[in-house]
Amino acid sequence: MKRTDEILSTVRMLEEEHLDVRTVTMGINLSDCSDRRFRTVLSRVRRKILSKAANLVKTCDDISAKYGIPVVNKRIAISPASQLLEGFSAKEALLLGKLLDECAVEVNIDLIGGFSALVHKGMTPGEVVLIKALPDVLSGTRRVCSSVNVASTRSGINVDAALLVAQKIIETSAKTASSHGFGSAKIVVFANIPEDNPFMAGAYLGYGQAECVINVGVSGPGVVKRAVERLVQNSPRCSLEQIADEIKHSAFRVTRTGELIGRETAKRLGVVFGALDLSLAPTPKIGDSVGEIYRAMGIERIGAPGTTAAVALVNDAVKKGGAFASSSVGGMSGAFIPVMEDRALSEAVNRGDLSIEKLEAMTAVCSVGIDMVLLPGSTTPEAVCGLILDECAIGVSNGKTTGVRVIPVPGGRLGQYVDFGGLFGSGRVTDFAAPSGQEVFVRRGGQIPAPIRSMTN
Amino acid sequence: MRSGVRLPAMKKRRYVISVLIPDTVGILHKISSAVTGRGGNIDSLSQTVVEGYFTVILTATYERNVTAELVQGDVKSRFSDSEAQVAVRPFVRQMTSSSGERCVLTVTGRDAKGVVKAVTGVLASLNINIEDWFMNLSGRKAVYVGEVVVPAGTDLKRVKALVRGALSDLDLKVSLQSENIFRATNDIGSVHDLLEK
């Protein structure tokens with residue numbers, strides 16, 4: 001018999017602190033679906049997805065009932081779709097996007113990722129086709145998500161690719177103007193993209209992964225927040241070291257929950273268990289916010305000096321707790337700061353406490369990057385590209401993943417309120433302190449060389 | 001407290017011994033001394049204290065010539081007159097079902113009459129065996145935790161719904177989950193091994 005307090009604390013995590021498995025994402029390798037005839041490509045893709053993922057949702061639901069843990073999202077991440085587009089045009093890219101959308105509906109998942117290209121050193125014709133097709137695909141589908149890796153620590157930053165993607169983000173927003181540019185919320189631009197990330201919009205099945213794999217994303221900002229609150233309540237003068245320890249313990253328990261679900265799902269489906277990504281991924285619900293953790297730690301106004309240190313502490317403690325809990329930790333595993341999806345962060349932006357520049361500083365120590373930030377309709381491709389380059393520079397220089405997911409709101413003005421609903425949340429349009437002045441720099445194009453890995457002072 | 005099971009050697013006698021007594025320091029030492037003093041060996045044991053009352057159930061293996069009356073007398077002799085209630089009976093392997101999904105049932109909330117009766121009634125009707133049951137009352141808040149074995153193929157959601165239905169008039173929360181979730185979140189052993197078991 002387990003100790004009763006341990007049992008009750010696990011039940012409390014599940015029932016009162018919003019602990020859930022945020023996503024079970026099935027990675028499917030589609031590289032064997034290539035063919036000279038595009039109709040054959042489409043039929044192979046459809047057959048493979050439907051055969052591999054037919055039981056994904058039911059299996060997750062059964063396991064969810066067994067353990068009493070909600071599995072909020074069931075998703076698919078395919079190998080980079082650009083592989084299938086070599087020798088084809090934007091027209092075929094749109095057909096592929098629509099087919100993926102239909103497959104997602106058929107297997108009853110909400111999002112399918114991997115309409116992706118890895119272009120950190122250069123672009124193949126198929127990758128150019130994919131990137132150029134993004135506005136049509138993301139506006140013409142509901143469930144397809146895309147990611148483009150434009151930089152890596154080993155290769156540096158592909159500025160040409162970054163500018164091209166930035167232009168397509170603006171165009172995607174314009175094509176989805178009726179939903180305030182929502183199409184752009186389905187594309188992430190990365191540096192050092194993880195190959196096993198289960199979270200959307202950046203999930204894809206990376207090179208070197210198995211044929212079919214289950215990756216799991218667990219969240220739990222509510223659990224961590226309540227653990228910190230209890231500690232502070234019981235020990236009002238507790239040190240930051242004690243807070244770090246408390247977060248580690250919570251991260252351990254959350255991680256183990258995810259591994260249990262992931263391994264059993266993979267076992268039942270007869271596929272490989274890949275990685276477990278413990279990322280404090282917030283939702284707009286009260287009590288499920290990463291920002292509320294910083295508040296509980298003593299950062300009363302998020303964005304105040306000290307916020308970056310708080311993010312670093314949380315991110316590090318989450319990684320340490322997760323690493324102790326499981327040898328299968330992968331993905332991004334840390335703290336996300338998606339502004340619109342996080343109530344406390346969104347409020348801080350609305351109040352003017354949290355600027356894009358401060359968010360950028362926070363991304364140097366968090367697990368992702370500038371995420372779910374609304375920009376004015378007047379934002380130029382060069383400004384978006386400049387932001388991408390800044391984030392890539394942070395990721396490349398620090399050997400970590402960084403990403404940019406911004407939504408230029410067509411016609412949107414500073415302070416305008418936008419609500420995407422559901423997990424995507426709501427927020428107000430914000431802007432750069434200096435929105436222009438980078439044009440000459442970004443238009444030079446080329447490759448920012450890989451950073452030196454010694455003399456690192 | 002529970003120790004591992006060792007199979008008794010052939011031509012020996014195994015007994016089930018239970019003792020109920022007001023709790024004091026040293027009770028288990030006295031009982032184990034009584035067993036070993038007659039050459040017995042304790043095979044398995046579970047002990048707890050409820051509201052100041054100590055209770056233990058154990059099995060022990062003796063030489064063939066040791067009778068249940070002797071064992072009972074040995075244990076009783078360690079305590080003052082009528083202080084302890086001691087029962088001893090020959091061990092017979094029980095066929096109660098322990099195959100199925102091991103789960104933990106928790107019921108928490110405002111205490112009320114009839115909770116245990118209502119919950120156990122549902123469990124019995126579904127052939128769900130209770131292996132361990134714990135209840136704690138703190139003020140008016142009650143916590144019930146049961147370790148149960150749910151027969152294979154039983155829909156856990158339905159079980160939970162039926163228990164909730166039986167308690168629908170009361171302000172109580174019910175959860176029913178596979179035991180593995182509690183092992184995973186509280187033990188440091190491999191999750192992989194949990195599933196293999």
Side-chain angles (χ1 to χ4, degrees), chain A residues 1-17 19-21 61-71 216 218 220 223 227 248-268 272-273 276 278 321-329, chain B residues 1-2 46-48 100-109 130-138 141-148 150 152-161 163 172-197:
Chain A
M1 185 71 168
K2 303 296 303 171
R3 279 174 43 192
T4 306
D5 56 341
E6 291 176 344
I7 288 172
L8 293 178
S9 109
T10 299
V11 171
R12 186 180 61 216
M13 284 197 317
L14 297 169
E15 298 200 341
E16 297 173 17
E17 298 170 359
L19 174 64
D20 55 42
V21 171
D61 289 345
D62 288 348
I63 293 172
S64 175
K66 175 178 174 181
Y67 292 112
I69 300 171
V71 177
V216 170
V218 272
V223 177
K248 274 198 298 186
H249 295 153
S250 298
F252 171 88
R253 305 183 76 201
V254 174
T255 304
R256 304 272 294 185
T257 304
E259 184 174 3
L260 184 65
I261 299 294
R263 283 199 183 278
E264 183 148 350
T265 304
K267 190 176 179 183
R268 289 195 190 189
V272 173
F273 174 63
L276 171 69
L278 167 59
F324 181 63
S326 171
S327 297
S328 301
V329 170
Chain B
M1 191 167 74
R2 182 179 288 171
S46 179
Q47 177 250 306
T48 191
E101 181 74 39
R102 298 182 71 84
C103 294
V104 174
L105 174 78
T106 58
V107 179
T108 56
I130 300 170
E131 291 205 337
D132 216 333
W133 187 266
F134 168 88
M135 182 212 167
N136 178 263
L137 193 59
S138 174
K141 188 182 176 188
V143 175
Y144 303 84
V145 178
E147 191 166 310
V148 301
V150 180
T154 305
D155 181 353
L156 292 183
K157 274 187 179 172
R158 179 169 170 263
V159 177
K160 194 157 67 171
V163 174
L172 292 161
K173 284 185 180 174
V174 177
S175 70
L176 177 66
Q177 290 141 303
S178 165
E179 180 194 48
N180 276 348
I181 186 66
F182 302 100
R183 294 202 180 281
T185 52
N186 292 293
D187 298 349
I188 58 171
S190 158
V191 168
H192 187 265
D193 291 347
L194 278 181
L195 292 173
E196 290 304 307
K197 285 173 189 168

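Naming convention: chains lettered A, B, ... in sequence-line order (proteins, then strands); numbering from 1 in each chain. What you see is a predicted model; the values in this text were computed from it and never measured.
- Looking at B/R183, its side chain never comes within 3.5 Å of a backbone N or O of B/G189 through a donor-acceptor pair.
- With sequence neighbours excluded, the residues forming a salt bridge (Lys or Arg N to Asp or Glu O under 4.0 Å) with A/R263 are A/E259, listed by chain and number.
- Remark: A/F273 pairs with no residue by the ring-ring contact (aromatic ring centres under 6.0 Å, His included) rule, at least two apart or across chains.
- The parts of B/S175 that come within reach of chain A are both its backbone and its side chain, each placing non-hydrogen atoms under 4.5 angstrom from that chain.
- For A/L8, the part lying near chain B is the side chain, with the backbone staying farther off; criterion is any non-hydrogen pair under 4.5 Å.
- For B/V143, the part lying near chain A is the side chain, with the backbone staying farther off; criterion is any non-hydrogen pair under 4.5 Å.
- The residue among A/S9, A/S326, A/A65, A/A325 with the most heavy atom pairs within less than 4.5 Å of chain B is A/A65.
- More than 12 heavy atoms of other residues, nucleotides or ligands sit less than 6.0 Å from atom CZ of A/R12.
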